[in-house]
Protein chains: 2
Amino acid sequence: MNDERRKFKRESAEQRKDALIVATLSLVAEMGVRGATVRAIAERADVTQGLIRHYFSSKEDLIIAAYEHHMTTMTDQTFALAAAVDSSARDRLAALVNASLRPPVAAPRSVALWASFLNRVQQDAQMKATHERTYAYFRDQLQDLIGAALEEAGQVTSPTRLRHLATACNGVIDGLWMEGGALPDAFAPDELPGIGVESVGAIIGLDLEQKAEQP
Amino acid sequence: MNDERRKFKRESAEQRKDALIVATLSLVAEMGVRGATVRAIAERADVTQGLIRHYFSSKEDLIIAAYEHHMTTMTDQTFALAAAVDSSARDRLAALVNASLRPPVAAPRSVALWASFLNRVQQDAQMKATHERTYAYFRDQLQDLIGAALEEAGQVTSPTRLRHLATACNGVIDGLWMEGGALPDAFAPDELPGIGVESVGAIIGLDLEQKAEQP
DNA sequence: GTAGTAATTATACACTTGCATAATTACGAA
DNA sequence: TTCGTAATTATGCAAGTGTATAATTACTAC
């Protein structure tokens, strides 16, 4: 009885690791990797610093896990919304662009994390692999959607041209994503997704904004 | 005589400050702000660490100066090429997009620096001011060029719409710039400027790629 | 030449960092 | 209940950090 006396509570390995990762990400987003010291992380996760070494072999290991967590979360958030659309490929494409350029995917926090990790991603092989996997996945999905939307519209597209279109659209989307997160005040609400849909539509030659015809 | 014995050489304040800034930027680009320690900077600039404090009141001061230097250099490099075009506004616009998406402006080093500084920019008032000034300058130039190009083509554009177009184009350009620097291998040479010109043209409704008519 | 002075080096200090190791504590099994 | 063990804390350390201060050194004015 009298739990107040307990100096700490035991948690499952999964919960603790997750709590440490969440604390790490919040600190990195706020102050960069430099601000995410073991002591600061431990404090934010309400544990003592020694515990970090109990769950992660090194701080580098924790940083890598945090990056993986962030990328996975963003990917999931992006495709969760787009996958819900079950009408036309064109609408699914528009939904994907929308989800990519709207919070929580497009947000200062996301971009701050991306920027903070960039250096390490370029140096650490494991982080680089995570980055490339995530990137390739998004690009492939985008390319498939573009292809399907064009086919839907009765257009024949060569694989080479399709690849070019996907590259261009991906660049525009990623770029607007970063831009929106780096300069949140530069855009009115809904302006960023609007620009994205407009640009992607202009590039592939389809009007993504027009409502589906009512039969 | 026998200058070999000299333990150091005196340089003008301007040269030394510049050398320290250049050393700082190269280190930040390679290893992030975290890797740019006073000792590493001093070593790369071939001086001892004490000298840094002689020219900059603090390390933060040096970082701020380095950021200013980087942004100014990028702006100059961007507009130097575009300003050389003296034919039509349309061609100047195309040249601006090109210069923005081509080395040395669009390069891994530039984007690495941008990403490394992002956190500090958000926190430090002086750096934020530098950032906003640079950004606003580019945007205004872009908006003017778009307006001139459209007028040239005989199109009337409301200020509101012009602002929207400039925002969209700016977002696409900045985005592609970051994308190209973050993933240099994802694009073939000349592919990025091509996508940029194509996208900007599609957004504002002008073909920027067509050659000027030969009389 | 020589003295003055600013540029540059040399040295040291207080503080933070990541990490290791030992000492506790909570919880499950018996 | 008690006992074992893994989770958690407590403490300490060596290396690296920015900065301050004093000691040199190169150039300049006279």
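Labels below follow one simple rule: chain letters A, B, ... track the order of the sequence lines, proteins then strands, and each chain is numbered from 1. Values in this document were obtained by computation on a predicted structure and should not be read as measured data. All values below were derived from every heavy atom in this structure, side-chain atoms included, with hydrogens, water molecules and symmetry-related copies excluded.
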Check DNA chain D against residues 37-45 of chain B and give the residues with a non-hydrogen atom under 4.0 Å, in numerical order. B/T37, B/V38, B/R39

With a sphere of 6.0 Å drawn around CD of B/Q126, does it hold more than 12 non-hydrogen atoms of other residues, nucleotides or ligands? no

Toward the 5' end of DNA chain C, by each residue's nearest nucleotide, A/G35 or A/G50: A/G35

Indicate the atoms forming the closest heavy-atom contact of B/A202 with A/A202, along with that distance. CB-CB, 3.4 Å

Whole-Å distance, B/L51 CG to D/dT25 P, equals 16 Å

Check every atom of D/dT19, D/dT8, C/dA7 against the side chain of B/H54 and return the nucleotide holding the closest atom. C/dA7

A/E60 has an atom CD; how far is it from atom C1' of C/dT17, in whole Å? 14 Å

Distance, rounded to the nearest Å, where B/Q49 contributes CD and D/dT17 contributes C1': 10 Å

Output all residues satisfying salt bridge (charged side-chain N to carboxylate O under 4.0 Å, His left out) with B/R16, sequence neighbours left out; order by chain, then residue number. none

To the nearest Å, give me how far apart CD1 (B/I52) and P (D/dT17) are. 12 Å

What is the distance, rounded to the nearest whole Å, between atom CG of B/D61 and atom C1' of D/dG18? 14 Å

With sugar-phosphate meaning primed atoms plus P, OP1 and OP2, does B/Y55 contact a base, only sugar-phosphate, or nothing at under 4.0 Å between heavy atoms? sugar-phosphate

Quickly work out the B/R16 CZ to C/dA6 P distance and round it to whole Å. 18 Å

Rounded to the nearest angstrom, tell me the gap between atom CD1 in B/I63 and atom C1' in D/dG18. 12 Å

Holding to salt bridge (charged side-chain N to carboxylate O under 4.0 Å, His left out), I want the full list of residues that pass it with A/E68, two or more places apart in sequence or in another chain. A/R133

Any sub-3.5 Å donor-acceptor pair from A/W114's side-chain atoms to A/M178's backbone N or O? no

Between A/F117 and A/H70, how do the two ring planes meet: parallel, tilted or perpendicular, split at 30° and 60°? tilted

Nearest whole Å is fine: how far is D/dT8 C1' from A/F56 CZ? 15 Å

Evaluate A/R120 against A/E60 for salt bridge (charged side-chain N to carboxylate O under 4.0 Å, His left out), listing each step before the verdict. CA-CA 10 Å; A/R120 308 232 167 182; A/E60 189 66 17; 2.9 Å; yes

Residue B/K59, side-chain heavy atoms: nucleotide from D/dA7, D/dG18, C/dT9 that is nearest: D/dG18

